[in-house]
Amino acid sequence: MAKQKCPECEECLPAWLAAFGDLMSLLLCFFVLLLSMSSMDAKKISEAIGSLSGAMSVLEGGTQTEISKKRMLEATPIDSQDETSEVVNRVQQAATDANEMMEKTQSPAITVKEAQDGFVIKLPATLLFKPGSATIENQDALLFLKRITLIIQELPNDMLVDVQGHTDDRDPGPNSPYKDNWELSTARALAVLHELILDGVDPARLSATGFAQYQPIATNATATGREKNRRVELHFYGKKSEEAQNVNNSILDKTVEKK
């Protein structure tokens with residue numbers, strides 16, 4: 001029997017292959033368009049990364065160890081257009097972590113809020129000191145100050161910190177080495193200031209002020225209100241520019257001339 005000849009192959013590619021290639025090209029264009037139309041919110045991404053770093057703990061080897069500056073920098077790799085808001089977010093995250101560590105002790109919470117020219121950290125006095133004392137003994141509070149020091153060192157040199165001490169309207173007590181609330185509030189502000197210097201903050205960027213009981217944020221008629229009034233505040237603010245200082249000087253000169 002004669003062998004059957006092999007059918008000749010078509011000169012062009014099969015029709016289904018051309019249709020398949022067109023489909024793949026259309027799918028590629030579709031996903032490229034989706035990617036080009038999508039938008040990424042840097043703030044939300046930063047908050048998500050901050051939450052993850054808090055849950056996994058930035059502290060190495062437990063909560064009672066020194067903080068690694070390298071890991072602090074890696075915890076928030078997203079750059080923000082608003083530098084002040086980014087710093088406040090980092091400080092707020094540090095305060096949240098500290099509050100979680102001190103939750104079992106039922107200590108008053110550390111709070112952070114933005115101000116007109118910077119931001120303010122409020123530290124409850126009961127977290128830092130014993131009644132009538134100006135010696136910091138709480139290890140969690142010391143670790144929090146170390147973490148704040150790392151953030152201060154990354155801020156521009158024209159960002160200054162004023163440490164302000166406040167008390168309630170009760171006297172320090174007979175066992176206290178301080179005769180009145182002026183001395184106690186100033187000594188507590190200086191204690192926090194000296195701790196920041198020991199942790200590496202430039203002393204030229206720091207100042208300390210004592211206000212005694214004369215700037216309350218709550219009523220002194222209740223124990224809860226008095227506890228809120230006993231506090232140390234860290235006020236972060238920018239150094240005034242030469243132009244602003246010249247304006248103030250000119251206003252003072254005009255006032256003197258009028259007199």
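Excluded from the calculations below are hydrogen atoms, water molecules and symmetry mates; all remaining heavy atoms, backbone and side chain alike, are included. Heads up: numbering here begins at 1 and tracks the sequence. All values reported here derive from a predicted model rather than from experimental measurement.
The backbone N or O of Ala212 sits less than 3.5 Å from a side-chain atom of Ser185, completing a donor-acceptor pair. Checked by atom type and distance alone, the side chain of Gln93 never pairs as donor or acceptor with a backbone atom of Asn89 at under 3.5 Å. In this structure a side-chain-to-backbone donor-acceptor pair under 3.5 Å is missing from Ser133 to Phe129. Panel note: side chain Asn181, backbone Gln213; no donor-acceptor pair is recorded below 3.5 Å.
Rounding to the nearest 0.5 angstrom, the gap separating the CD atom in Gln92 from the OG1 atom in Thr111 is 8.5 Å. The CD1 atom of Ile136 sits 9.5 Å away from atom CG of Asn138, with the distance rounded to the nearest 0.5 Å. In this structure, CZ on Phe144 lies 9.5 Å from CG on Asp97, to the nearest 0.5 angstrom. Taken to the nearest 0.5 Å, the NE2 atom of His166 stands 8.5 Å off from the OG1 atom of Thr209. In this structure, Asn229 CG and Thr222 OG1 are separated by 8.5 Å, a value rounded to the nearest 0.5 Å. Atom-to-atom distance recorded for Leu150:CG and Leu155:CG is 11.0 Å, nearest 0.5 angstrom.
Taking all atoms of both residues into account, the shortest heavy-atom contact from Thr186 to Trp182 is OG1-O, 2.8 Å. Closest approach of Ala134 to Ala191, counting heavy atoms only: O-CB, 3.2 Å. Taking each heavy atom of Ala109 and Asn99 in turn, the nearest pair found is CA-OD1, 3.5 Å. When all heavy atoms are compared, the tightest approach of Pro177 to Gly132 is CD-O, 3.8 Å.
At a threshold of 4.5 Å between non-hydrogen side-chain atoms, the residues Ile121 and Val91 count as touching. At least one side-chain heavy atom of Gln164 sits less than 4.5 Å from a side-chain heavy atom of Phe211.
A salt bridge is absent between Lys228 and Asp168; no separation between the charged side-chain nitrogens and carboxylate oxygens falls under 4.0 Å. Using a 4.0 Å cut-off between charged nitrogen and carboxylate oxygen, Arg90 and Glu154 count as a salt-bridge pair.
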With side-chain contact (heavy atoms from CB on, under 4.5 Å) as the criterion, how do Arg230 and Thr126 come out once you've worked through the C-alpha distance, each side chain's angles and the decisive distance to 0.1 Å? CA-CA 8 Å; Arg230 296 190 298 268; Thr126 51; 4.2 Å; yes
Applying side-chain contact (heavy atoms from CB on, under 4.5 Å), run through Phe30 and Leu34 and close with a yes or a no.
-> CA-CA 6 Å; Phe30 174 73; Leu34 283 181; 3.5 Å; yes
As a quick check of understanding, evaluate side-chain contact (heavy atoms from CB on, under 4.5 Å) for Ile217 and Lys122, giving each step before the final call.
CA-CA 11 Å; Ile217 58 175; Lys122 291 184 180 180; 4.1 Å; yes
Worksheet item: Is there a side-chain contact (heavy atoms from CB on, under 4.5 Å) between Leu193 and Val161 once you walk through the steps?
Response: CA-CA 9 Å; Leu193 179 144; Val161 184; over 6 Å; no
Inset, instruction - Before giving the answer on salt bridge (Lys or Arg N to Asp or Glu O under 4.0 Å), spell out for Asp169 and Arg226 the whole-Å C-alpha distance, their side-chain angles and the decisive distance to 0.1 Å. - result: CA-CA 8 Å; Asp169 61 349; Arg226 290 192 297 272; 5.3 Å; no
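Residues satisfying the salt bridge (Lys or Arg N to Asp or Glu O under 4.0 Å) test with Asp180, not counting sequence neighbours, are none. A search for salt bridge (Lys or Arg N to Asp or Glu O under 4.0 Å) contacts involving Glu195 returns nothing, not counting sequence neighbours.
Residue Ile148 is not grouped with residue Leu160 when hydrophobic side chains (ILVMFWY) are merged at heavy-atom distances under 4.5 angstrom, including chains of intermediate members. Under the 4.5 Å side-chain contact rule for hydrophobic residues, Leu123 and Leu142 share a cluster. Connection of Tyr178 to Val192 is not established within any shared hydrophobic cluster, with ILVMFWY side chains joined at heavy-atom distances below 4.5 Å, either directly or through further cluster members. Residues Phe20 and Leu27 fall within the same hydrophobic cluster, defined by Ile, Leu, Val, Met, Phe, Trp and Tyr side chains chained together at heavy-atom separations under 4.5 Å. Linking Ile, Leu, Val, Met, Phe, Trp and Tyr whenever their side-chain heavy atoms come within less than 4.5 Å puts Ile151 and Val232 in one cluster.
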Sequence neighbours excluded and cut-off under 3.5 Å, please list the side-chain donor-acceptor pairs for residues 197-208, or say none.
from   : atom 1 : to     : atom 2 : distance (Å)
Asp199 : OD1    : Lys146 : NZ     : 3.2
Asp202 : OD1    : Ala204 : N      : 3.1
Arg205 : NE     : Met159 : O      : 3.2
Arg205 : NH1    : Ile152 : O      : 3.3
Arg205 : NH2    : Ile152 : O      : 3.4
Arg205 : NH2    : Pro156 : O      : 2.9
Arg205 : NH2    : Met159 : O      : 3.0
Ser207 : OG     : Asp162 : OD1    : 2.8

